[in-house]
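One structure below.
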Amino acid sequence: MKINVTLPDGSVRSYDQGATAMDVAKSISEGLARNVLSAKVNGEVRDANRPLPGDCTLALLTWNDTDGKATMWHSSAHVMAEAVEALYPGAKFGIGPAIENGFYYDIDFGDRSVGEGDFAAIEAKFKEIASKKVVFTRSEVSKADAVKYFTEKDDEYKLELIEGLKDGEITFYNQGNFTDLCRGPHIPDTSFIKAFKILNVAGAYWRGDEKRKQLTRLYAITFPKQKELDEYLVMLEEAKKRDHRKVGKELDLFTFSEKVGAGLPLWLPKGAALRERLINFMKTAQEKAGYLQVATPHIGSKQLYITSGHWEKYGKDSFQPISTPQEGEQFMLKPMNCPHHCEIFASRPRSYKDLPLRLAEFGTVYRYEQSGELHGLARVRGFTQDDAHLFCRPDQVKEEFLKVIDLVLLVLRALNFENFEAQVSLRDKEDRSKYIGSEENWVKAEQAIIDAAAECGMKTTVEYGEAAFYGPKLDFMVKDALGRRWQLGTIQVDYNLPERFELEYVGSDNQKHRPVMIHRAPFGSLERFIAVIIEHTGGRFPLWLNPEQAILLPVSDKYLDVCQKLQQQLSDLDIRTTVDDRNEKVGRKIRDAELTKIPFMLVVGEKEAADGTLSVREHGQGDLGVLTPEAFAALVRERIKVQLGTA
RNA sequence: GCCUUUGUAGCUCAGAGGUAGAGCACUUCCUUGGUAAGGAAGAGGUCCCGGGUUCAAUUCCCGGCAAAGGCUCCA
């Protein structure tokens, strides 16, 4: 008997019954076999050395596959547990999964407290174990035997996990002296793990339940090459240097005040200028795309949110309503702009000819976040969205989606994001009861989103069951300069609010119809977006956005007057500059300007003063030579054009 | 919200049961210097806030508040 294995490229190969993924890899090439960590068989990730179940599709997973990485990290967690058990006999183990960057294991060390000082010993033990090329072995165990094993080991956490499993579906994995309850899969042996580092230690409740015992969570990561670990550590350090909270302080962009309140950012002049520039950029782009600006108040009657349904769903987790002293009316700080915009739509009869109606507002909204969740600008309690709501006919959804995608791409390009993809969130395939809106509209909208994403040629992943209850959505995921993933802009279709607000338009058939609403925010929140661009650029903002494009550096204060005149001249040419009028040497002024990441330094001394020129130095680049103010302005304009894609 | 850690000059941080220090920044003076730190002097503190213990608390204890790292949540 032979089995047919279909590979990702569509080719079909024939193997003996009982062949493993590893056998397939070896038949292709030895080199490939050396790199195979696990395999995806009929869509399920399995051990590479487990016999294939019969005819199947097979994808061999290596370090280059997300699932391959996850397999290795999960196996690494087992090895770390073995090392911990060897060093701390009696330690009990919770769960140890792979995560986006590495893995963790939750461990109960009993009365001992384990901290950073203990990392070195664990790392040494880990390396000792991994270097032995220990094989991972899978075994199926009966529930009774599994319970027996962990009862003897006195590990109540594993016992609790076993309780939730069905007899006949329980597997153990063993490597060396360590056996763990585990679904798998695992890498063939430990020789794939060449570098290991414990990154962090933190407390974590057993099963995420604050009423239960707090375990010690060890975060760690492994790599198949030492060099990759070194690079990762450099990247982490770089990320720390780029932390927007640190850079924001260094560049005087924003601050927080205890008196004002946690999670309420205060924008300093330079940061406010940055915000303003982003807003203007977006406004201009939106005007060209047919949006209409509106403005609505920061509060709205509680009734508004009862109508929208937000009161019922989020009311108790919101800032509580404020009341008027005489009449006892209740108002909420607005947590979103859409209910206000719905009322603008409803303010007069609408014809199908008016659609799509695109209402935009840089609306500041307030949402209660738990105090422990606040994080710099990335997670705040008051923030401004570049919000807009598109009211359209069902047949216009796709076209509007395409236009919004164009807008988002314009933004991403202007900010030097080169790596991005779209995530489309659709309904759960099985359970459709939790969604509102007609089947017909959902099908239409879901198809429209898929088509739109495909038409603009973006890399797209589709997630089922991730749609909001009121409609499908598309999120943009970007990778920043350090390879970290962020979710930025979002586009959501909404059938719910038009229903709740009873929005209508008159169609060509002279009948009333319900419009479809699209929520979209390319930046998402300005605060969060600025946090991302700070970390993406490390504070070296694109020239068009930088509050300070150039700084004039007089060689001595004899040339201060000349510099002030040049500043005016450059300002007339739309170049934003300041003058470093401190009593310091040029070397010092250059150093400080470099440190504050100003794109251009303009040195003015005797020669330049006489000729009316500038000696131009670029941040991080060095001397560019002497230019006239006009030539410099032209250079800056040219750079900006290229960045904004308007060249 | 919960757990752990932290809170000292504008910033980064040291410090001890007896009223506080460094570097950078700031002010003044000297210096007028050509592509990554010129020199000198000076000013600057409710040691997060409120209680308690003590002859004496910024230091020890308790309670708040804020921040960091987690856990849970996110229209």
Side-chain angles (χ1 to χ4, degrees), chain A residues 94 104 106 113 115-116 199-219 240 243 245-246 249-250 252 255-264 305 308-318 332 334-339 365-376 378-381 385 387 468-471 473 487 490 492 494 496-497 519 521 525 528 553-560 582-596 601-609 615-626:
Chain A
Y104 67 80
D106 285 344
S113 106
E116 283 179 31
L199 300 170
N200 217 342
V201 56
Y205 297 107
W206 171 236
R207 309 214 118 175
D209 184 345
E210 67 194 47
K211 290 183 193 70
R212 309 197 61 179
K213 185 155 186 186
Q214 189 161 39
L215 308 180
T216 303
R217 176 170 294 181
L218 291 178
Y219 285 94
K240 229 186 238 172
D243 188 313
R245 294 164 299 182
K246 183 174 145 75
K249 193 180 267 182
E250 284 165 2
D252 287 324
T255 187
F256 288 90
S257 150
E258 281 186 33
K259 281 207 189 84
V260 172
L264 301 171
Y305 300 99
S308 73
H310 293 108
W311 171 254
E312 195 193 340
K313 203 163 160 57
Y314 298 102
K316 48 182 186 312
D317 296 316
S318 299
M332 310 260 314
K334 75 173 169 187
M336 49 191 359
N337 305 299
C338 31
V365 298
Y366 301 88
R367 295 182 184 174
Y368 168 73
E369 299 284 356
Q370 298 187 84
S371 59
E373 276 312 304
L374 302 172
H375 179 89
R379 198 65 176 274
V380 290
R381 284 175 169 171
Q385 295 178 308
D387 210 359
F469 73 92
Y470 51 80
K473 62 177 179 174
Q487 190 214 305
T490 172
Q492 305 187 355
D494 186 349
N496 183 40
L497 285 181
H519 307 249
S525 121
R528 188 181 145 80
L553 309 180
V555 169
S556 83
D557 51 18
K558 274 190 265 177
Y559 311 106
L560 261 177
R582 294 175 305 165
N583 181 4
E584 290 293 347
K585 299 200 193 186
V586 242
R588 181 51 184 273
K589 292 178 182 176
I590 285 170
R591 179 184 150 81
D592 290 345
E594 287 281 354
L595 289 177
T596 48
M601 285 145 274
L602 309 172
V603 178
V604 177
E606 191 180 351
K607 243 184 352 255
E608 293 80 6
S615 177
V616 182
R617 178 188 164 104
E618 186 172 4
H619 172 79
Q621 302 295 315
D623 206 340
L624 298 187
V626 177

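All values below were derived from every heavy atom in this structure, side-chain atoms included, with hydrogens, water molecules and symmetry-related copies excluded. In what follows, every chain begins at residue 1, and chains take the letters A, B, ... in the order their sequences are listed. Computed from a predicted structure; not experimentally measured.
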Judged by each residue's nearest nucleotide on RNA chain B, which is more toward the 5′ side, A:D557 or A:L595?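 The residue mapped nearer the 5' terminus is A:D557.
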- Query: For RNA chain B, whose closest nucleotide is more 5', that of A:K558 or that of A:Y470?
  - Reply: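 With A:K558 and A:Y470 compared, the 5'-side residue is A:K558.
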Between [N] and [M], how many Å separate the two [atom1] atoms, rounded to a whole number?
N     : M     : atom1 : value
B:A16 : B:U59 : P     : 14 Å
B:C24 : B:C61 : P     : 35 Å
B:A20 : B:C29 : C1'   : 29 Å
B:A25 : B:C65 : P     : 38 Å
B:C3  : B:C62 : P     : 14 Å
B:A43 : B:G23 : P     : 15 Å
B:U19 : B:A57 : P     : 11 Å
B:G39 : B:U12 : C1'   : 24 Å

Counterpart base for [N], defined by Watson-Crick or G-U wobble contacts under 3.5 Å:
N     : result
B:A16 : none
B:C73 : none
B:G45 : none
B:C24 : B:G10
B:A67 : B:U5
B:G50 : B:C62
B:C29 : B:G39

How is [X] classified with respect to the nucleic acid when contacts are heavy atoms under 4.0 Å: base, sugar-phosphate, or nothing?
X      : answer
A:V586 : sugar-phosphate
A:H375 : sugar-phosphate
A:S308 : nothing
A:G587 : sugar-phosphate
A:E250 : nothing

Candidates [options] - which lies nearest the side chain of [X]:
X      : options             : answer
A:V555 : B:G34, B:U32, B:G69 : B:G34
A:S371 : B:G33, B:G1, B:A36  : B:G1
A:Y314 : B:C74, B:G33, B:A66 : B:C74
A:K249 : B:G38, B:C74, B:U12 : B:U12
A:A262 : B:G33, B:G34, B:A66 : B:A66
A:R245 : B:U32, B:C74, B:G69 : B:G69
A:R591 : B:A36, B:U35, B:G33 : B:A36
A:R588 : B:U31, B:A36, B:G38 : B:G38
A:P335 : B:U35, B:A75, B:C73 : B:A75
A:R217 : B:G33, B:A37, B:C71 : B:C71

Between atom [atom1] in [X] and atom [atom2] in [N], what is the gap in whole Å?
X      : N     : atom1 : atom2 : value
A:Y559 : B:G34 : OH    : P     : 10 Å
A:Q621 : B:A36 : CD    : P     : 14 Å
A:M601 : B:G34 : CE    : P     : 18 Å
A:D317 : B:C73 : CG    : C1'   : 8 Å
A:L374 : B:A68 : CG    : P     : 8 Å
A:R379 : B:A67 : CZ    : P     : 14 Å
A:Y219 : B:U4  : OH    : C1'   : 13 Å
A:R381 : B:G1  : CZ    : C1'   : 10 Å

Got a donor-acceptor pair under 3.5 Å from the side chain of [X] to the base of [N]?
X      : N     : result
A:N583 : B:U31 : yes
A:R617 : B:A36 : yes
A:E608 : B:G34 : yes

Write down the atom of [X], the atom of [Y], and the distance for their closest heavy-atom approach.
X      : Y      : value
A:G94  : A:L215 : CA-CD1, 4.5 Å
A:A262 : A:R381 : O-CD, 3.8 Å
A:V380 : A:G263 : CB-O, 3.3 Å
A:G605 : A:V555 : CA-CG2, 3.6 Å

N/O donor-acceptor pair under 3.5 Å between A:E594 side chain and A:G620 backbone: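 Checking the backbone N and O of A:G620 against the side chain of A:E594, a donor-acceptor pair under 3.5 Å is found.
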- [ ] Please assess A:K246 against A:K240 for the test side chain to side chain contact (heavy atoms under 4.5 Å, CB included), listing each intermediate value before the final yes or no.
- [x] CA-CA 8 Å; A:K246 183 174 145 75; A:K240 229 186 238 172; over 6 Å; no
Rounded to the nearest 0.5 Å, how far apart are CD of A:E250 and CG of A:L595?
->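 Result: 9.0 Å between the selected atoms.
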- Task: Please tell me if the side chains of A:E584 and A:D592 come closer than 4.5 Å, counting only heavy atoms from C-beta onward.
- Result: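 SC-SC contact between A:E584 and A:D592 ruled out.
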Quick check: are there more than 12 heavy atoms from other residues, nucleotides or ligands sitting under 6.0 Å from CD of A:E606?
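Count not over threshold, so no.
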Notebook entry, point to check: For B:A36, does OP1 or OP2 lie under 4.0 Å from any side-chain N or O of A:H619?
Noted result: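 False: A:H619 side-chain N/O out of range (4.0 Å or more) of B:A36 OP1/OP2.
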